[in-house]
Amino acid sequence: MPRNPSTGVYSKPAGTTPSVGQVIDPAPWNALTTDLGNEITNSLPRDGSAPMIAPLKAAGGTVSAPGVGFASTPQTGLYLKGGGLLGFAQNGVEVAFDQDLVYAVKSGDYTALASDDNAVHRFTSAATLTLTAAATLGANWHYCVIADGGDVTIDPNGSETIDGAATLILKDGYSVEIICSGAAFFTNKLFARIQSKADSSAVGDFVVGLTLSNSSGSPNTHIDFAAGSARTGSSFVSNPTSLTKRVTGTFAAGTGAGGLDAGAVAASATYFAYALRKETDLSFDIVLSTSATIGGVTTTLLTGYSIVKCIGVVLTDASSLIRQFVMYPRDEYTFVTPVKDANSLAVSTASALLSLTVPNGVKVKVKLRFQFTSSSATNSALLSDPAQGLLVAGIVNDGGNVGAVQVASNYAIGSAEIWTNTSKQIRQVAGAAGNMWIWTDGFHFPSGRSA
């Protein structure tokens, strides 16, 4: 064929350029017409009536003069960029397109490269993500990071910054989009806004719902916690359904599982119930501890959890069984069976401390009923908050709250709600010698419920 396949230039066959008076040789002329017919057949129709049967080879072109353009707008079309990459021009200006999104899992430290443009990397453990120099990555490079197993420290190259800071710590359970300007790195700020709101220390301290009750199926060993939520400063957790924990086993996740932070259930003990938040998925659970403070809770079994707040308390009896109770609004507990904490207790003018069946390690307002007798014809007894110091019973002194005995060896009755000290004690004193019986009906243990 006379058409050069590399250049596309057509050259006539030899012997097809006649002169005047020359007798035409039919052989080369027949070859010429046949060849012209073949080339016309092998040409692409301008009306688009037939397709190409081999790849179309266009000029490389430039952004201002694309190799494939349009007659009306020659500066809009396709051209070949450096490195064999395809470029798109629109009115002589390059149009940029994202690379294909690529997802990958990273289990340790990693350095983000130019080839990670538009990638999504999920880190399944605590790690440091180092960013290649911004000038190398170039403007418009962007990259998504998911922390799903530990905090990820994002560290730009050298003195470069991310959101104006030397590093950014992406908390476990969060994600962030990183954008390069060619000189520094920025994020979409969504993580910072969420973290700022979640970590705000001015959002309050409260419990909504999460009320405690003896489990109907196993009231002596299991406690039910109603649906609700709890917050302490920056820490919040919520549970849409009820959850049950037992005191006969150490902590394991989920309803019906053991709840103790350590050891075995003890007799006549106090167990504080703490709301937990699992950091990987923000799910809810409960741990029971004899510690009255979060700092004293044994955390060996609580890996991956944050302790949010104390939401209630459970008492055991001398047989290590849960004392049955009813919980009312505003953190009020009433024992199903009143506890007789004093039986003919000898009282006198000497003030003394008296231990009661209430939570240990914290102050509570105990609900008491009492009965008093004395051989003195006029006598009264006074029960009080130890924080008031030593009080003196009697009408001319600090009064009483049982009532005055008007007949020797008769009985007076009374009731009161009195704050204890952290050792479960109140003070008792009388105007003269006598004996007292005291029943503990329950107590108020403030956890933050307002209703």
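Computed from a predicted model, the values in this text were never measured in an experiment.
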| said: Quick one, Phe443 with Val313, criterion side chain to side chain contact (heavy atoms under 4.5 Å, CB included). Give me CA distance, side-chain angles, the key distance, then yes/no. | reply: CA-CA 11 Å; Phe443 53 88; Val313 66; 3.7 Å; yes
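- Taking a cutoff of 4.0 Å between a charged side-chain nitrogen and a carboxylate oxygen, Asp317 and Arg323 do not qualify as a salt bridge.
- You'll find the side chain of Leu390 reaches within 4.5 Å of the side chain of Ser351, heavy atoms only.
- Taking 4.5 Å as the limit, some side-chain heavy atom of Phe325 sits within range of a side-chain heavy atom of Leu212.
- For Ser348 (side chain) and Ala350 (main-chain N/O), a donor-acceptor pair under 3.5 Å exists by modelled atom type.
- When side chains are defined from C-beta on, Lys363 counts as touching Thr422, because their heavy atoms get closer than 4.5 Å.
- Side-chain atoms of Ser306 and Glu279 include a donor-acceptor pair closer than 3.5 Å.
- The closest side-chain heavy-atom distance from Phe123 to Leu170 is not below 4.5 Å.
- Atom CD1 of Ile395 is surrounded by 12 or fewer heavy atoms from other residues, nucleotides or ligands within 6.0 Å.
- Counting only N and O atoms by type, the side chains of Thr130 and Asp155 include no donor and acceptor under 3.5 Å apart.
- Of the possible polar contacts, none joining the Ser423 side chain to the Gln425 backbone as a donor-acceptor pair under 3.5 Å is found.
- A donor-acceptor contact shorter than 3.5 Å links the side chain of Thr76 to the backbone of Asn91.
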Side chain to side chain contact (heavy atoms under 4.5 Å, CB included) for Phe225 and Asn239? Distances and angles first, verdict last.
CA-CA 10 Å; Phe225 298 85; Asn239 191 43; over 6 Å; no
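- Salt bridge present: Arg369 and Asp441 bring a charged side-chain N and a carboxylate O closer than 4.0 Å.
- Between the side chains of Asn360 and Thr270, no donor-acceptor pair is found at a separation under 3.5 Å.
- Between Ile294 atom CD1 and Ser235 atom OG the span is 8.0 Å, to the nearest 0.5 Å.
- Of all non-hydrogen atoms in Ile311 and Tyr333, the two that sit nearest each other are O-OH, 4.5 Å.
- Interatomic distance, CD1 of Ile426 versus CG of Leu383, reported as 4.5 Å (0.5 Å rounding).
- With Tyr143 contributing its side chain and Leu131 its backbone, the two residues share no donor-acceptor pair below 3.5 Å.
- Exactly one of Arg449, His444, Lys365 qualifies for a side-chain contact (heavy atoms from CB on, under 4.5 Å) with Asp331. That residue is Arg449.
- Between the side chain of Thr255 and the backbone N or O of Thr244, at least one donor-acceptor pair lies under 3.5 Å.
- With values rounded to the nearest 0.5 angstrom, Phe372 atom CZ is found 11.0 Å from Ile438 atom CD1.
- Closest heavy-atom contact between Tyr79 and Gly61: CB-C, 4.0 Å.
- Taken to the nearest 0.5 Å, the CG atom of Leu301 stands 5.5 Å off from the OG1 atom of Thr250.
- Side chain of Thr232 to backbone of Val308: a donor-acceptor contact under 3.5 angstrom is found.
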Could you check Lys309 against Val207 for side chain to side chain contact (heavy atoms under 4.5 Å, CB included), going step by step and ending with a plain yes or no? CA-CA 8 Å; Lys309 181 173 175 57; Val207 179; 3.4 Å; yes
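- The two residues Pro66 and Pro74 have their closest heavy-atom pair at CD-O, 3.1 Å.
- The nearest pair of heavy atoms linking Gly312 to Ser447 is N-OG, 3.7 Å.
- Atom NE2 in His222 sits 12.5 Å away from atom OG in Ser213 (nearest 0.5 Å).
- The shortest heavy-atom contact between Ile286 and Ala273 is CG2-CB, 4.3 Å.
- Checked against Asp285 for a salt bridge (charged side-chain N to carboxylate O under 4.0 Å, His left out), the options Lys245, Arg277, Lys278 give a single hit: Lys245.
- The shortest distance between side-chain heavy atoms of Leu382 and Asn401 falls below 4.5 Å.
- By the 6.0 Å contact criterion, CZ on Phe70 is open, its count of non-hydrogen atoms from other residues, nucleotides or ligands being 12 or less.
- Residues Ser380 and Val402 form no side-chain contact, since every pair of their non-hydrogen atoms from C-beta on lies 4.5 Å or further apart.
- In this structure, the side chain of Tyr271 engages the main chain of Ala266 through a donor-acceptor pair within 3.5 Å.
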Would you please test Val392 and Val429 for side chain to side chain contact (heavy atoms under 4.5 Å, CB included) and show each step?
CA-CA 7 Å; Val392 179; Val429 67; over 6 Å; no
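- You'll find the side chain of Ile307 stays beyond 4.5 Å of the side chain of Tyr305, heavy atoms only.
- The two residues Ser125 and Gly108 make their nearest non-hydrogen contact at OG-N, 4.1 Å.
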Worksheet item: Could you go step by step and tell me if Asp341 and Thr357 meet the side-chain hydrogen bond (donor to acceptor under 3.5 Å, both in side chains) rule?
Response: CA-CA 7 Å; Asp341 275 323; Thr357 303; 2.7 Å; yes
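- Residues Asp117 and His142 meet the side-chain proximity criterion, which asks for heavy atoms closer than 4.5 Å.
- A distance of 14.0 Å separates CH2 of Trp437 from CZ of Phe370, quoted to the nearest 0.5 Å.
- With hydrogens and angles disregarded, a donor-acceptor distance shorter than 3.5 Å links the side chain of Thr316 to the backbone of Ser268.
- At least one donor-acceptor pair under 3.5 Å links the side chain of Trp141 to the backbone N or O of Leu113.
- Atom NZ of Lys367 sits in a crowded spot, with more than 12 heavy atoms from other residues, nucleotides or ligands closer than 6.0 Å.
- Side chain of Thr373 to main chain of Asn410: a donor-acceptor pair is present (N/O by atom type, distance under 3.5 Å, no hydrogens or angles).
- Note: His121 and Tyr110 have perpendicular aromatic rings, judged against thresholds of 30 and 60 degrees for the angle between ring planes.
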